[in-house]
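The structure under discussion appears below in the form of structure tokens.
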Amino acid sequence: MNLHKKAVFFDVDDTMYDHLHPTRDALRTVLGLSERFPYEEAYHRIRYYSDVLSAKGGLLEGKAGPDELEDMREGRFVLALQEFGINITREQAVDIQKEYLDRQYRIEPFEGATSLMDELSSAGYLVGLITNGLEDHQMSKIRAMALENHIAAEHIFVSGAVGYAKPDPRIFEVVNERTGTLAEHCCYIGDSWRNDVAGAVAANWRVIWFNHRKAAPESEVAGVYETAASYSELKKLLMPDASITAHTISAQVGHTPS
């Protein structure tokens, strides 16, 4: 066990890949919504209701059954779309969920995501994932992106298997225990303010908010966090020496002796 080992953990949904795409495509397919519909705003509300309904039923900790899961998956679409003046039936919500799930397993990592993971590993960092959701569902997405080729299986933590879900700091404590790391040597990267930023700050981890959607903070947090909007920006924060070296080499290559 090396308690001085530095570690970087990533969220999955909307951090490793664009989570909006499958949501938008499912809504278009089932409801025939136009390009003018505010898909990104609706996406944020769908995620909000997903978190709220999941928390009520203990879904993210793996404590609920299939009926509660289906109620959450359908209810989040019904409640979110009502805010935009669209009333859908439960049958339509079921159809949206089916289309959404089909697209969830046809996803690709953001540009630069896997290469950054590999560079961090090569530099001696322990690299992993911490994600909320049911184990089978989240692992299917992880396999769809072939992330298991870049991250050791023992460094992938899914709330449904762990028994705690973000923003509960206990999931981060479990990760520290199982990986032999200390909070002060760990960094967490995620897009969700309430789950990722608030949760990791509460666990005393270094936090980088992957705010590629330019969202506003939802609350105050009792700690420090950094912000990045792309994987190139993440690399500069995580590996500043590598970025400086690459810039220096580039400048030398481009230099023409006088």
Would [X] and [Y] pass as an ion pair if we require N to O under 4.0 Å?
X: Asp102; Y: Lys98; answer: no
X: Arg143; Y: Glu148; answer: no
X: Lys56; Y: Glu68; answer: no
X: Arg24; Y: Glu40; answer: no
X: Asp71; Y: Arg76; answer: no
X: Glu41; Y: Arg45; answer: no

Under the side chain to side chain contact (heavy atoms under 4.5 Å, CB included) criterion, do Arg206 and Leu238 qualify, and how do the steps go?
CA-CA 11 Å; Arg206 178 188 177 188; Leu238 293 168; 4.2 Å; yes

Worked verdict on Glu35 versus Arg28 for salt bridge (charged side-chain N to carboxylate O under 4.0 Å, His left out)
CA-CA 9 Å; Glu35 291 289 339; Arg28 282 177 177 168; 2.9 Å; yes

Spell out, yes or no, whether [X] and [Y] are grouped together once hydrophobic residues are joined by side-chain heavy atoms under 4.5 Å, including indirect joins.
X: Leu116; Y: Tyr17; value: yes
X: Val94; Y: Leu81; value: no
X: Phe10; Y: Ile151; value: yes
X: Tyr125; Y: Tyr231; value: yes
X: Val127; Y: Ile142; value: yes

Does Asp51 have any side-chain hydrogen bond (donor to acceptor under 3.5 Å, both in side chains) partners at least two apart in sequence or in another chain, and if so, which?
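Once residues adjacent in sequence are excluded, the partners of Asp51 under the side-chain hydrogen bond (donor to acceptor under 3.5 Å, both in side chains) criterion are Arg194, Asn195.
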
Side-chain contact, heavy-atom cut-off 4.5 Å: [X] with [Y]?
X: Gln104; Y: Lys141; value: yes
X: Phe157; Y: Leu129; value: no
X: Ile208; Y: Tyr225; value: no
X: Leu126; Y: His185; value: no
X: Thr15; Y: Phe110; value: no
X: Phe77; Y: Gln82; value: no
X: Thr131; Y: Ser159; value: no
X: Asp11; Y: Ile189; value: no

Evaluate the criterion side chain to side chain contact (heavy atoms under 4.5 Å, CB included) for residue pair Thr89 and Val78; output intermediate values, then yes/no.
CA-CA 7 Å; Thr89 64; Val78 172; over 6 Å; no

Side chain to side chain contact (heavy atoms under 4.5 Å, CB included), that's the test. Do Lys235 and Glu119 meet it? Break it down for me.
CA-CA 9 Å; Lys235 182 177 179 179; Glu119 289 182 61; 2.8 Å; yes

Stepwise, does the side chain to side chain contact (heavy atoms under 4.5 Å, CB included) test hold for Arg73 with Leu69?
CA-CA 6 Å; Arg73 286 178 164 177; Leu69 174 62; 3.5 Å; yes

Once rounded to the nearest 0.5 Å, what's the spacing between atom [atom1] of [X] and atom [atom2] of [Y]?
X: Met16; Y: Ile107; atom1: CE; atom2: CD1; answer: 9.5 Å
X: Ile130; Y: His155; atom1: CD1; atom2: NE2; answer: 11.5 Å
X: Asp25; Y: Tyr100; atom1: CG; atom2: OH; answer: 12.0 Å
X: Gln92; Y: Gln97; atom1: CD; atom2: CD; answer: 14.5 Å
X: Leu147; Y: Ile156; atom1: CG; atom2: CD1; answer: 7.5 Å
X: Ile88; Y: Leu79; atom1: CD1; atom2: CG; answer: 9.0 Å

Looking at [X] and [Y], what are the two nearest heavy atoms and their distance?
X: Ala165; Y: Glu61; value: CB-OE2, 3.8 Å
X: Asp14; Y: Leu20; value: OD1-N, 4.0 Å
X: Tyr105; Y: Ser140; value: CE2-CB, 3.4 Å
X: Leu59; Y: Gly65; value: CD2-O, 4.4 Å
X: Val162; Y: Arg178; value: CG2-NH1, 4.3 Å
X: Ala42; Y: Phe37; value: CB-CE2, 3.7 Å

Would you say the side chains of [X] and [Y] form a donor-acceptor pair under 3.5 Å?
X: Tyr48; Y: Glu218; result: no
X: Asn132; Y: Gln138; result: no
X: Trp205; Y: Asn176; result: yes
X: His21; Y: Tyr39; result: no
X: His212; Y: Asp18; result: no

N/O donor-acceptor pair under 3.5 Å between [X] side chain and [Y] backbone:
X: Thr181; Y: Glu177; value: no
X: Glu233; Y: Ala229; value: yes
X: Ser122; Y: Asp118; value: yes

Quick check on side chain to side chain contact (heavy atoms under 4.5 Å, CB included): which of Leu60, Val52, Leu53 does Met72 satisfy it with?
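Among the candidates, only Leu53 passes.
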
Take atom CD in Glu220; do more than 12 heavy atoms of anything else shown fall under 6.0 Å from it?
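Open.
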
Could you check whether atom CD of Glu226 has more than 12 heavy atoms from other residues, nucleotides or ligands sitting under 6.0 Å from it?
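Counting other residues, nucleotides and ligands, CD of Glu226 exceeds 12 neighbours.
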
I need the single residue from Lys214, Arg47, Arg213 that forms a salt bridge (Lys or Arg N to Asp or Glu O under 4.0 Å) with Asp191. Which is it?
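Only one of Lys214, Arg47, Arg213 forms a salt bridge (Lys or Arg N to Asp or Glu O under 4.0 Å) with Asp191, namely Arg47.
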
Please determine whether ring-ring contact (aromatic ring centres under 6.0 Å, His included) holds for the pair Phe9 and Phe172, giving the CA-CA distance in whole Å, both sets of side-chain angles, and the decisive distance to 0.1 Å.
CA-CA 10 Å; Phe9 286 84; Phe172 296 96; 8.8 Å; no

